[in-house]
*Asks:* 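Before anything else, here's the structure in question.
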Amino acid sequence: MRFLAIAVAAAVLIALPLVTTGYVVYLANLLLTFTVLCLGMHIVIGETGQFSLAHAAFYGIGIYAAGIAGTTFGTPFPVSILIGGLAASAIGFVIGMVALRMRDIYLALATFAFGEAMQWVFLNWNAVTGGPNGLRIAPARLFGLELVTDKDAYPFVVATAIAMLVLTVIVARARLGRSFRAVRESEIAAQAMGVPVRRTKVVAFGISAFFAGIAGGMFTLFSTYIHPDSLGFQTTILVLTMVVVGGLGSIGGAVGGAIAFGLISELLRQAPSFQEIAYGAILIVFMMYAPKGLFAFLADRFRGARHA
Amino acid sequence: MPELRTPLLSVENLTIAFGGLVAVRDFSIAVAPGTIHALIGPNGAGKSTTFNCISRLYRPNAGRILFDGQDITRLPSSAMAGLGIARSFQNLELFNELTVYENILIGAHCHCGASLRDRLSARPPHLAAEIDRIIERTGLGAYRETKACNLDFGHQKLLELARALAIRPRLLLLDEPAAGLRNREIAILDGLLTDLARRDGLTILLVEHVMQLVMSISDRVTVLNFGTKIAEGTPQEVKSNPAVVEAYLGKETALHG
């Protein structure tokens, strides 16, 4: 079953640029970027059970850091992406150390406030971010290679997304992943087992910010322009919705949610005034009828049908 | 004579207050290595408070806690496992969505190994035999891959114990291990705890209301009432102590228990 899913995914990823137009490839690039954002959100909220409502801010830090590195300093794009990830995670660790003294709704509010503050910084730090004019991003470069079109960028976007997926699986299986889940399930018991709870939360937050920063770096591979408007709370909520719709707590859910909900939201772009209402409605429907997410819901149905 | 040996755990003049309410007053206890020591008393006597203080969840207002001669009064709760102090919880604190195996594996958190390969391993091979032994010993063999929340209450209690054993403890703190168990399950627990102390040399301090278990397995019993110690001795001595009978056991237990 899993093998089949991987085979189908690989076939689709390979065939996509061969049989489709630029717009579809752009969409694929964007969905893969959101997949990495979702994996980061999954680590902090799905694995560790901590609220983080600053995901768009870390994404933005990644975009600006990678974009400025590549455009102004001409770094090769793998280095730019890494700079994006490291910048986001460095700030993530610092914010995590302060914010994770709080829990639940207070943690949610603190991270929300940080997200809003960062958007204000993006909008007003004209010298660095270009402020309300946005930032032009030069085509990504590596030695002689220059990524001009979406199709040029696509293989590297795919490779980065796969690398981050593999990294997620490695972390989840490792002792660190067990510590994350222990903290999620019972902080008091985790502590009694010798898991350093505070440090584990900060590490989860930092890794999650790293993923968001890498996603920001991926964005610079296929985009020429970024404006602070697209780095607000709405984007965080979009990522959160993807993870919840896919199924909180599972890697497959995070990936599936990003792709399924990403497609839905792209279809809804035709009717922008309904977009937000539709997001809300979808979230409510899932909370009510499939709280474990789309994939657990389908798996249950499938299993039920087989047993019937 | 266990009393003559240096205690593994000694609590000296512990006082814990919540606001104006003094929960435990000037309480001392010495637990000899390799013995089973029970802490009993009526509800609200301060047993669990004392327990949570020893496992460093509460900070005492006064007094010291010594483990193997080391002052642990100011250490964080997460340092206890590394020292070899394990505990179970009165109201189960399992990792509910995780399997029995993974629960126990997290108990072995401190023994997973420092090399990168060990750190990345989903099931560190060097722990496999030990975890198998713990699973077998606690009778959880049929439930290795069952989620903790899907176990019945008796097996959840056993899983708390199994997870604590994976810490490789020298001192085991059990908060009401028999509460809510059926007689048959209490008999299994009785055998298991006795075996852990007699054969493995584990030191056990337990809070318990089930007198049948306390009187059967304990080497020593300490009785708390209103936050102060009112009696201490062998199960026989405590059972026949008039102050204990008055405060807690009642005449019925004293005569027939």
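None of the values given here were measured: they were computed from a predicted structure.
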*Asks:* Check whether more than 12 heavy atoms from other residues, nucleotides or ligands sit under 6.0 Å from atom CZ of B/Phe67, and answer yes or no.
*Replies:* yes

*Asks:* Select one option (side chain, backbone, both, neither) describing which atoms of B/Pro76 are under 4.5 Å from chain A's heavy atoms.
*Replies:* neither

*Asks:* Between chain A and chain B, which N/O donor-acceptor pairs sit under 3.5 Å?
*Replies:*
residue, atom, partner, partner atom, Å
A/Arg175, N, B/Arg119, O, 2.8
A/Arg175, NH1, B/His109, O, 2.7
A/Arg178, NH1, B/Ser121, O, 3.2
A/Arg178, NH1, B/Ala122, O, 3.0
A/Arg181, NE, B/Glu102, OE2, 3.3
A/Arg181, NH2, B/Glu102, OE2, 2.8
A/Glu185, OE1, B/Asn96, N, 3.2
A/Glu185, OE1, B/Glu97, N, 3.0
A/Ser186, OG, B/Glu93, OE1, 2.6

*Asks:* Determine the option with the most heavy-atom pairs under 4.5 angstrom with chain A, choosing from B/Cys110, B/Cys112, B/Ala166.
*Replies:* B/Cys112

*Asks:* Are there over 12 heavy-atom neighbours, none belonging to B/Phe153, within less than 6.0 Å of that residue's CZ?
*Replies:* yes

*Asks:* Does A/Phe3, at its CZ atom, have more than 12 non-hydrogen atoms belonging to other residues, nucleotides or ligands within less than 6.0 Å?
*Replies:* no

*Asks:* Search all heavy atoms of A/Gly194 against all heavy atoms of B/Ala81 and return the closest pair with its distance.
*Replies:* N-CB, 3.6 Å

*Asks:* Report which part of B/Ile106 has an atom under 4.5 Å of a heavy atom belonging to chain A: side chain, backbone, both, or neither.
*Replies:* both

*Asks:* Select one option (side chain, backbone, both, neither) describing which atoms of B/Phe95 are under 4.5 Å from chain A's heavy atoms.
*Replies:* both

*Asks:* Which atoms of B/Leu83 are under 4.5 Å from chain A, going by heavy atoms: the side chain, the backbone, both sets, or neither?
*Replies:* neither

